[in-house]
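All heavy atoms count here, side chains included; hydrogens, waters and symmetry mates do not. Fair warning: this is a prediction, and the values are worked out from it, not measured in the lab.
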2 protein chains.
Amino acid sequence: MATIKEVAKQAGVSVATVSRVLNETGYVHEDTRAKVNQAIQHLHYTPNEVARSLFKRKSKLIGLLLPDITNPYFPELARGVEDRMQESNYRLIFGNSDEDEHKERDYIQTFVQNNVVGVISSTNDPNAVSYSKLKIPVVFLDRTSDDKPSVFADGREGGRIAAQEMVRRGSRGIVIQRGPQQVRPAQDRFLGAMEVLESAPGVTVDIMQNASFSYNEAVQGAKELFEKFPQTDGIIASNDIAGAALLHEALRLNKRIPEDVQIIGFDDIPLSSLVYPPLSTIRQPAYEMGREAAELLIQFIENNLVAQHKIQLPVSFMERGTTRKVD
Amino acid sequence: MATIKEVAKQAGVSVATVSRVLNETGYVHEDTRAKVNQAIQHLHYTPNEVARSLFKRKSKLIGLLLPDITNPYFPELARGVEDRMQESNYRLIFGNSDEDEHKERDYIQTFVQNNVVGVISSTNDPNAVSYSKLKIPVVFLDRTSDDKPSVFADGREGGRIAAQEMVRRGSRGIVIQRGPQQVRPAQDRFLGAMEVLESAPGVTVDIMQNASFSYNEAVQGAKELFEKFPQTDGIIASNDIAGAALLHEALRLNKRIPEDVQIIGFDDIPLSSLVYPPLSTIRQPAYEMGREAAELLIQFIENNLVAQHKIQLPVSFMERGTTRKVD
DNA sequence: TTGTAAGCGTTATCAA
DNA sequence: TTGATAACGCTTACAA
């Protein structure tokens, strides 16, 4: 790789001048600029970002920490983040945390060692010291804490809507799948659903606990749910994976969907419309959330201040084939 | 962040000595080492990777370029790569290329500018100059070129197996979905399937072209396929997304699966076992492929040479619910 | 309008 | 066994 020195020599000027045309800073004569640009072209020069980063004590790198890219909800977020970052020439250092505190700390540390200028994280503990001691801006994505910048969906409302739709469409023996305890959005949904169901006349509600959001857990959880509550006529799944697993199991048990049992998921991952019947779900605009988080972080980085620190995006009911029609 | 200088001062030694204990290079007295380590602890010092990278002209960063993380096949690859890299303390700069040559070039360039020590890429054109002019090792993942280091699955064999299973299980009017022209593995599968089907007695074969591997395309493609070939009793899908879409459409058209029509997908993404009936498919060990690619790249980086440049992983038939039982 | 030189935080060479 | 110091490639005073 050519260096600024070689460009300078080639163009017959000093490195300072080259730097000036590179960064469009300070005066430089049109003719000199031309000469320099020619040299740059000729040598295929492209500045060493590492040297820049060292001098400026800031890079064009962002740390992105997600629980598990293998869980289909997160790629949407990641893609949203990437697309927005890309537009402003930031690059992503990416890591899977597995919701493991230790891994998170490790990643944060290497982010810092690499001079990242900001971090986007989907963590269960936004108040962890790893974050609060950071001197660079952090945006929490899909997870939130009261005083920290964050982008998330209205889980509580999502839970409410799911419960309302379930009841409105005729289910009376409802099972709520409660997602992992540590995962805030999962608890919000649960609370929202309970809120509605507790006061719904003639409705009985049972609860099943999910320990994680993994595929295996989803499949296992579906089996257990129908063993424990074979009579249920409506299930609010903890997310779409769980919802799909539930649908699968119900079909396997020869239940008619949605006649015998209705199912509502959460997230609206691409898979949801691909299963048959397509899964009714509470949509979270994941891609958009990713973009918004990136946008917010960029504002922090480039302006050092920002109006809106918490961005809550609306959820919506996607009526599909696992819920009954009603007018 | 504390610097090496501060550590040196705190420990009452020179930066050279601190560097020595940091890198375990050269002699250093036990007592001095202790003092230094104490200072490091005390200041929570952690070396600036950017400065290191500048001096050494190499970092602990790897560039990872995938077509689209939103396509459920790629997160598996990515996760495999990440897990292996993580074990050797490499970090990933990640980008989506959308199979766009220009985006790829852009990314490769910034990878270089950031001193990455290696690149893993899933590209349609491993022979592009962007790659061949690189001075750092590149491993191609899921795509291959004759003379370049790569990790991929045996697509040809996959196609053959799919065709054999289809015929063996009784389909006679078979439609092959041919994936995007530029995507090598898609063509390999197609060729493999054709190879078997052309010489299969009593079998008619039709071809449908897929322009891309997107969700929308999959859904649209499924509709078109059944419009054009309503009588087909066996479909070799271009991948699992397409397979799931086909299954969806078949069910919607009240076809019995697998009695009326058999479907075989490719990839074995997690979704495949979640649909109902679960999708029979040709499995590619994506996670393992990711790990292998990482492993290979690390060998290149750390040893500068390597025995095996091309690693082909075996595919296998996953018999599930969209194919008929047979003994 | 341009050039010289210091400095960003490391590592490695050389001398002590 | 340790310390001074140049160098990595860049940007930014400051001087010219």
Side-chain angles (χ1 to χ4, degrees), chain A residues 1-37 39-40 43-61 89 109-117 135-136, chain B residues 1-37 39-40 43-61 89 109-117 135-136:
Chain A
M1 291 293 89
T3 72
I4 199 173
K5 230 182 216 163
E6 303 177 52
V7 175
K9 192 201 268 181
Q10 171 86 209
V13 299
S14 75
V15 295
T17 301
V18 178
S19 178
R20 279 187 206 104
V21 350
L22 241 31
N23 299 287
E24 305 186 350
T25 161
Y27 299 103
V28 32
H29 194 95
E30 263 319 310
D31 299 355
T32 337
R33 182 190 313 281
K35 274 192 302 183
V36 170
N37 280 324
I40 288 177
L43 296 171
H44 298 297
Y45 170 75
T46 144
N48 181 325
E49 284 295 335
V50 176
R52 273 190 171 168
S53 171
L54 179 60
F55 181 86
K56 299 220 200 168
R57 286 212 288 336
K58 50 165 71 172
S59 66
K60 290 295 269 182
L61 261 19
N89 294 310
Q109 193 188 102
T110 59
F111 287 167
V112 174
Q113 291 180 285
N114 283 287
N115 269 183
V116 304
V117 281
K135 289 176 189 64
I136 49 175
Chain B
M1 295 291 90
T3 72
I4 198 174
K5 230 182 217 162
E6 304 174 51
V7 174
K9 192 201 269 181
Q10 172 87 211
V13 300
S14 76
V15 295
T17 302
V18 178
S19 178
R20 278 189 205 100
V21 350
L22 241 31
N23 299 289
E24 305 185 351
T25 161
Y27 299 104
V28 33
H29 193 96
E30 263 318 312
D31 300 354
T32 336
R33 183 190 309 283
K35 275 192 302 180
V36 170
N37 279 325
I40 288 177
L43 295 172
H44 299 296
Y45 169 75
T46 145
N48 182 325
E49 285 296 336
V50 176
R52 277 190 169 168
S53 171
L54 178 59
F55 182 85
K56 300 218 196 167
R57 256 91 113 263
K58 51 166 69 174
S59 65
K60 290 295 270 180
L61 261 18
N89 293 311
Q109 192 188 102
T110 61
F111 287 167
V112 173
Q113 291 180 283
N114 283 285
N115 267 182
V116 305
V117 282
K135 289 176 189 65
I136 48 175

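Between B:Arg57 and D:dC8, a side-chain N or O to OP1/OP2 separation shorter than 4.0 Å is absent. At the phosphate of D:dC10, neither OP1 nor OP2 sits under 4.0 Å from any side-chain N or O atom of A:Asn48.
In this entry the distance linking CZ of B:Arg33 with P of D:dT1 reads 10 Å, nearest Å. Distance, A:Asn23 CG to D:dG9 C1': 13 Å, rounded to whole Å. A:Met1 has its CE atom 16 Å from the C1' atom of D:dC10, to the nearest Å. Going from atom CD of A:Glu24 over to atom P of D:dT11 covers 12 Å, rounded to whole Å. Between the CG atom of B:Leu54 and the C1' atom of D:dT11 there is a distance of 13 Å, rounded to whole Å. Atom OH of A:Tyr45 and atom P of D:dT11 are 6 Å apart (whole Å). Atom NZ of A:Lys5 and atom P of D:dT11 are 14 Å apart (whole Å).
In the displayed structure, A:Lys58 atom NZ is contacted under 6.0 Å by at most 12 heavy atoms of other residues, nucleotides or ligands.
The residue A:Thr32 sits close only to the backbone: its heavy atoms come under 4.0 Å of sugar-phosphate atoms, none of a base.
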Please list every donor-acceptor pair under 3.5 Å in which a side-chain atom of residues 15-22 of chain B meets a protein atom from a residue at least two apart or in another chain.
residue: B:Thr17; atom: OG1; partner: B:Ser14; partner atom: OG; Å: 3.4
residue: B:Ser19; atom: OG; partner: B:Asn23; partner atom: ND2; Å: 3.3

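Across B:Pro47 and A:Gln113, no two heavy atoms sit closer than the pair O-NE2, 2.9 Å. Nearest heavy atoms, B:Lys135 versus A:Met1: NZ-CE, 4.3 Å.
Between B:Glu49 and B:Arg52, at least one side-chain nitrogen of the basic residue sits less than 4.0 Å from a carboxylate oxygen of the acidic one, meeting the salt-bridge criterion. Ion pairing between a basic and an acidic side chain is recognised when a charged N comes within 4.0 Å of a carboxylate O; A:Lys9 and A:Glu6 show no such pairing.
Contacts with DNA chain C (heavy atom under 4.0 Å) in residues 11-22 of chain B: B:Ala16, B:Ser19, B:Arg20, listed by number.
Rounding to the nearest 0.5 angstrom, the gap separating the OG1 atom in A:Thr110 from the CG atom in B:Leu61 is 9.0 Å. To the nearest 0.5 Å, the span separating NE2 on A:His44 from CD on B:Gln109 amounts to 11.0 Å. Put simply, CG on A:Asn48 and CG on B:Asn115 are 5.0 Å apart, with the number rounded to the nearest 0.5 Å.
The span of DNA chain C lying next to chain A, judged by atoms under 4.0 Å from heavy atoms, is bounded 5' to 3' by C:dT1 to C:dG9.
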